[in-house]
Amino acid sequence: GPKVLQIPSHQIIDMGQMVTLNCDPVSNHLYFYWYKQILGQQMEFLVNFYNGKVMEKSKLFKDQFSVERPDGSYFTLKIQPTALEDSAVYFCASSFNSQNTLYFGAGTRLSVL
Amino acid sequence: GEQVEQLPSILRVQEGSSASINCTYENSASNYFPWYKQEPGENPKLIIDIRSNMERKQTQGLIVLLDKKAKRFSLHITDTQPGDSAMYFCAASEGNSGTYQRFGTGTKLQVVP
């Protein structure tokens, strides 16, 4: 089936540093999402992105977070600076439209020390 | 925000019996209700979904029911097998472009021999 690729699979950084999580969504998909999951708990919505713009963002999407997808390349989530509570698995997802199936990547496990 | 409540959080059943997971939602504009299965260390994968123009859908041992009046939907796994052991998440979204899927809190299903 369609694949969403996430790079890296695991990232360990020191608190206060910047980190960029990369996502290569399904090629013909138009909507992109980031979700945060702590230790197998609830999938918490962070942000969605369409046509080069953020559509919606949750309270978890702090000012330190930003997303972009320059010219069809990776859809990225940048956290600058990172905090301890940012440690989690971050899942990227894409869909053709918002009523279609979400295809999730394998996740990036972020460990902030 | 618009919450999606999911119960139970943990469900332990005997192999061969059925398992039921229930979700309720708040936003009456919600019209798409997917269910995801997540194995440990993996990404969530869609297993079945239902749209608001249906009350019941069945596929490969899975049944989903939707009661729009009560804002309630449920997943029923018939003849459970050890391979069904996983986390299960319900989700709900509205039909408008750009809306995101809100996830339930998850159910850890354990199928014991």
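Since we're looking at a predicted model, the values are computed, not measured.
- Salt-bridge check for B:E55 with B:K69: failed, with every basic side-chain N at 4.0 Å or more from each acidic carboxylate O.
- Each of A:Y31, A:Y33, A:Y50, A:Y103 was evaluated against A:S95; a single residue qualifies, A:Y33, per the side chain to side chain donor-acceptor pair (under 3.5 Å) test.
- No donor-acceptor distance shorter than 3.5 angstrom exists from the side chain of A:K78 to the backbone of A:T20, with no hydrogens or angles considered.
- Both the backbone and the side chain of B:P44 come within contact range of chain A, each with at least one heavy atom under 4.5 Å from a heavy atom of that chain.
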List, one per line, each side-chain donor-acceptor pair under 3.5 Å for residues 6-13 of chain B, sequence neighbours excluded.
unit_1: B:Q6; atom_1: OE1; unit_2: B:C90; atom_2: N; d: 3.3
unit_1: B:Q6; atom_1: OE1; unit_2: B:G106; atom_2: N; d: 3.0
unit_1: B:Q6; atom_1: NE2; unit_2: B:Y88; atom_2: O; d: 2.7
unit_1: B:Q6; atom_1: NE2; unit_2: B:T107; atom_2: OG1; d: 3.0
unit_1: B:R12; atom_1: NH1; unit_2: B:Q110; atom_2: OE1; d: 3.4

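- Only the side chain of A:F45 comes within contact range of chain B, judged by heavy atoms closer than 4.5 Å.
- Neither the backbone nor the side chain of A:Q6 comes within contact range of chain B; no heavy atoms are under 4.5 Å apart.
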